Chemist: 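This structure is in structure tokens; I'll ask about it shortly.
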Amino acid sequence: MVKLILLSGGSGKRLWPMSNDVRSKQFLRILPRPDGAGLESMLQRVWRQIGQAGLVSDDVFVCASKPQVEVIHAQIGEIDVIEEPARRDTFAAIALSTLYLVDERGMDPDEPVVVCPVDHFVDDHYFQEIQKLGPILVREGAEMALMGVWPTEPTSKFGYIVPEAPADGDCFRVKRFVEKPERGVAEELIRQGALWNCGVFCFQPRTIVRILRDRGLPSVYAEARRGFDQFPKRSFDYEVVEKLSSIVAHPYRGAWSDLGTWSSLAEQMESEAVGRAILSQCEDTHVVNELGLPVVALGLKRAIVVATPDGILAADKDMAAGLKDVVAPLDNRPMYEERRWGRYRVIDYQLLDDETEVLTKCVELLPGRNLSYHRHKWREEIWTIIEGEGEIVVDDRWQKVAAGDIVRAPQGVWHAIRTEAGMQFIEVQRGRGLVEEDIERKYLTWEELAAVLPGMSR
């Protein structure tokens, strides 16, 4: 069974305002589930397809930055996440992940491993095709096996894998790579049998370890984590693939898209509206609304309207491809996050005349989950329960709470909350310097807390 590393990429600002540094495009719950039971994210879709392809969870790993770890666990469970110390592009991420498998999980350096992006929209048989790469790599005696997509049009959006000769069987030898060519060049490449490069790599770990040693880079997992800034901030294609002499490519015939723009994502939406929205006399227009207020679109053609706590977008679909450059100057804190215990949405922020900051959140705590027993140095918190019931500990004092109850946790006071059946509450933070880093945790689980506080429910 092949080992699979899923790369969970960056902030995805081409899908602003839904995507940010924490909630990248692969986490957006906007795609229809095949069973009609609501919406799912790209990550959830990929995880479902991996299971359908017969891959077991113990053989699948996700490489992600620290801010993404909690949302990954919230959406697909307790999968093994390889945490990047910093974002340094795909070369560093793949090198770190490979060393983790060898040094921490005892993987045989000669056993093929496959790396692929987590944010591609593909057919269900995509992950069955991926599993063919390992046997192809070994059979052909190559240093690297790639999977490429049969082009559906000559486009400059993607790079191309150019063969030495047309495919004979299930693979061909790679002659060269062409990065995002002009349309005329793309047409000629397609005539030569070139494939789109979809960023799927298969190799033996010993190949990566050898390259790291030859370049004087850390080649042991612990050293790689400590010296992560030594890795060049470049792509795996540039630093490794394009410098190898023996590469084969396996063609994939099927649907494939990186859903990197609102236009491409809208094509996969089942409905023209997500959330509270009314569209009247509109053509090829989609609305995504995460706010409690209604959004009305009247007489729009080929437009995308997105309303979230992080901002509001109204754009022509064709022009939305350039959104990343337009929103680049924006550096607001994320206003919506998913965590292991649930999710929150920022409702309001104020800076008072005396420089006191006031931040108001709507927090949803999932059934059977809890917030850690923690305290804050620079702020107090006031919780107003609006739905459900549960239990709260403040300064070692335990009590049950239900809708309508209000609890105050002053600065420096330990507090935690838990629910059995689910709960929503409004959290008001007051203080100076309202930052996520202002937190000290004492107990992460409710069982740990209950063990030291007699009389608490467990």
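The structure presented is a predicted model; accordingly, all values stated were derived computationally and were not measured.
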Chemist: So which pairs with a foot in residues 198-230 pass ring-ring contact (aromatic ring centres under 6.0 Å, His included), sequence neighbours left out?
Modeler: Y100-Y221, F201-F236, F203-F236, F228-F231
Chemist: Is the closest side-chain heavy-atom distance between L96 and R225 below 4.5 Å?
Modeler: yes
Chemist: Can K233 and D89 be said to form a salt bridge (Lys or Arg N to Asp or Glu O under 4.0 Å), step by step?
Modeler: CA-CA 6 Å; K233 200 172 184 179; D89 215 324; over 6 Å; no
Chemist: Which residues pass the salt bridge (charged side-chain N to carboxylate O under 4.0 Å, His left out) test with E83, sequence neighbours left out?
Modeler: none
Chemist: Can you list every pair that meets salt bridge (Lys or Arg N to Asp or Glu O under 4.0 Å) and has a residue in residues 27-42, with sequence neighbours left out?
Modeler: R29-E338, R33-D35, R33-E40, E40-R48
Chemist: Between D170 and K132, does at least one N-O distance fall below 4.0 Å, as a salt bridge requires?
Modeler: no
Chemist: Under a 4.0 Å N-O cut-off, is there an ion pair linking K442 with E440?
Modeler: no
Chemist: Stepwise, does the salt bridge (Lys or Arg N to Asp or Glu O under 4.0 Å) test hold for E140 with R173?
Modeler: CA-CA 9 Å; E140 298 295 325; R173 289 277 167 176; 3.8 Å; yes
Chemist: Is it the case that the side chains of W196 and Y160 hold a donor-acceptor pair, with the cut-off being a distance below 3.5 Å and no angle test?
Modeler: yes
Chemist: Within a strict 4.5 Å, meaning less than it, do heavy atoms of the V363 and I417 side chains meet?
Modeler: no
Chemist: When the ring centroid of Y238 is compared with that of F91, is the distance short of 6.0 Å?
Modeler: no
Chemist: C116 versus L6: any side-chain heavy-atom pair under 4.5 Å?
Modeler: yes
Chemist: Just checking, R45 and F121: is the charged tip under 6.0 Å from the six-membered ring centre and within 45° of the axis?
Modeler: yes
Chemist: Step by step, work out the side-chain contact (heavy atoms from CB on, under 4.5 Å) result for L244 and I211.
Modeler: CA-CA 10 Å; L244 296 177; I211 290 172; 4.2 Å; yes
Chemist: Apply side chain to side chain donor-acceptor pair (under 3.5 Å) to the pair T207 and Q204, showing each step before the final yes or no.
Modeler: CA-CA 6 Å; T207 300; Q204 294 166 311; 4.7 Å; no
